[in-house]
Amino acid sequence: QVQLVESGGGLVQPGGSLRPSCAASGFTFSSSVTSWYRQAPGKERELVATVLGTGTKTYADSVIGRFTISRDDSQNTVYLRMNSLKPEDTAVYYCRAVLLPNTYWGQGTQVTVSS
């Protein structure tokens, strides 16, 4: 019933851009705190960006100035605009929505940055 469905990953050259999205259903998305995480092979899952209900946004130091998180509550969708991509950004990107006491995760979308 509850779903977070991600799309929009892919293969891009260094310096390129992608804008993955995550569409939510089955819960009150507008009341949730929404984040993007990423996980590269052999590494811990890393928090990339978060948007709060107030509109406040936070970012990992490594993506400041390059990534922008946004949400469209009318469409129950969160986006991550990624510009100036680097090979180090290669990972599976996951969206997460927290609506206490529950935490929901998307299935992940692969982002590969390679020349």
Side-chain angles (χ1 to χ4, degrees):
Q1 185 177 67
V2 172
Q3 294 186 66
L4 293 173
V5 180
E6 302 193 28
S7 61
L11 175 65
V12 65
Q13 293 185 331
S17 299
L18 287 171
R19 195 193 187 202
S21 62
C22 182
S25 61
F27 68 100
T28 307
F29 178 76
S30 61
S31 298
S32 70
V33 174
T34 308
S35 301
W36 284 93
Y37 285 74
R38 66 186 181 186
Q39 188 166 25
K43 295 187 177 180
E44 296 278 331
R45 190 167 295 188
E46 174 190 19
L47 177 61
V48 176
T50 298
V51 58
L52 306 178
T54 59
T56 299
K57 302 171 183 180
T58 63
Y59 299 93
D61 288 345
S62 60
V63 307
I64 290 175
R66 300 188 298 120
F67 290 14
T68 303
I69 188 171
S70 62
R71 59 190 292 166
D72 183 348
D73 288 336
S74 70
Q75 298 294 320
N76 291 338
T77 301
V78 60
Y79 302 91
L80 185 67
R81 184 187 304 279
M82 304 186 294
N83 295 327
S84 302
L85 283 162
K86 305 174 180 179
E88 306 93 271
D89 297 317
T90 296
V92 177
Y93 283 71
Y94 300 89
C95 62
R96 184 195 71 177
V98 177
L99 184 61
L100 292 175
N102 299 310
T103 299
Y104 306 113
W105 289 92
Q107 83 286 358
T109 185
Q110 177 70 49
V111 172
T112 302
V113 184
S114 177
S115 59

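This is a predicted model, so every value here is computed, not measured. Along the sequence shown, residues carry numbers from 1.
- Between Gly26 and Val2, the closest heavy-atom pair is O-CG2, 3.5 Å.
- The shortest distance between side-chain heavy atoms of Arg66 and Ser84 falls below 4.5 Å.
- Residues Tyr94 and Leu85 do not share a hydrophobic cluster, defined by chaining ILVMFWY side chains whose heavy atoms lie under 4.5 Å apart.
- The six-membered or imidazole ring of Tyr37 lies away from that of Tyr93, with a centre-to-centre distance of 6.0 Å or more.
- Counted within 6.0 Å of CZ on Arg45, heavy atoms from surrounding residues, nucleotides or ligands total more than 12; the atom is thus considered enclosed.
- For Ser35 (side chain) and Thr50 (main-chain N/O), no donor-acceptor pair under 3.5 Å exists by modelled atom type.
- The OG atom of Ser31 sits 6.0 Å away from atom CG of Leu99, with the distance rounded to the nearest 0.5 Å.
- The shortest side-chain heavy-atom distance between Gln110 and Thr112 falls under the 4.5 Å cut-off.
- Note on Leu18 and Ile64: same hydrophobic cluster, where clusters join Ile, Leu, Val, Met, Phe, Trp and Tyr whose side-chain heavy atoms are under 4.5 Å apart, directly or indirectly.
- Under the 4.5 Å side-chain criterion, counting only non-hydrogen atoms from C-beta, Ser62 is in contact with Glu46.
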_Let's go through Ser21 and Arg71 carefully: what are the C-alpha distance in whole Å and the side-chain angles of both, what is the deciding distance for side-chain contact (heavy atoms from CB on, under 4.5 Å) to 0.1 Å, and is it a yes or a no?_
CA-CA 9 Å; Ser21 62; Arg71 59 190 292 166; over 6 Å; no
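- Each of Val92, Asp89, Leu80, Thr90 was scored for a side-chain contact (heavy atoms from CB on, under 4.5 Å) with Arg38, with one residue passing: Asp89.
- Taking the ring centroids of Phe67 and Trp36, they lie at or beyond the 6.0 Å cut-off.
- Across all non-hydrogen atoms, the minimal contact from Met82 to Pro20 is CE-CD, 3.6 Å.
- Between Pro87 and Pro14, some side-chain heavy-atom pair lies under the 4.5 Å cut-off.
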Evaluate Leu4 against Phe27 for side-chain contact (heavy atoms from CB on, under 4.5 Å), listing each step before the verdict.
CA-CA 10 Å; Leu4 293 173; Phe27 68 100; 3.9 Å; yes
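- Linking Ile, Leu, Val, Met, Phe, Trp and Tyr residues whenever their side-chain heavy atoms come within less than 4.5 Å places Val113 and Val63 in a single cluster.
- Put simply, the side chain of Tyr79 does not reach to within 4.5 Å of the side chain of Thr68, judged on heavy atoms.
- The disulfide bond (SG atoms under 2.5 Å apart) contacts involving residues 9-113 comprise Cys22-Cys95, where partners must be two or more places apart or lie in separate chains.
- To the nearest 0.5 Å, atoms OG1 (Thr58) and CD1 (Ile69) are separated by 7.5 Å.
- A donor-acceptor distance shorter than 3.5 angstrom exists from the side chain of Thr77 to the backbone of Gln75, with no hydrogens or angles considered.
- Looking at Gln39, its side chain never comes within 3.5 Å of a backbone N or O of Ala91 through a donor-acceptor pair.
- Thr56 and Thr54 form a side-chain donor-acceptor contact under 3.5 Å, judged by distance and modelled atom types alone.
- Side-chain atoms of Arg96 and Ser32, non-hydrogen and from C-beta on, never get closer than 4.5 Å to each other.
- Cluster membership check: Val12 shares its hydrophobic cluster with Val48, using side-chain heavy-atom separations under 4.5 Å among Ile, Leu, Val, Met, Phe, Trp and Tyr.
- Rounded to the nearest 0.5 Å, atoms OG (Ser70) and CZ (Arg81) are 7.0 Å apart.
- Contact check for Thr34 versus Phe29: side-chain heavy atoms found under the 4.5 Å cut-off.
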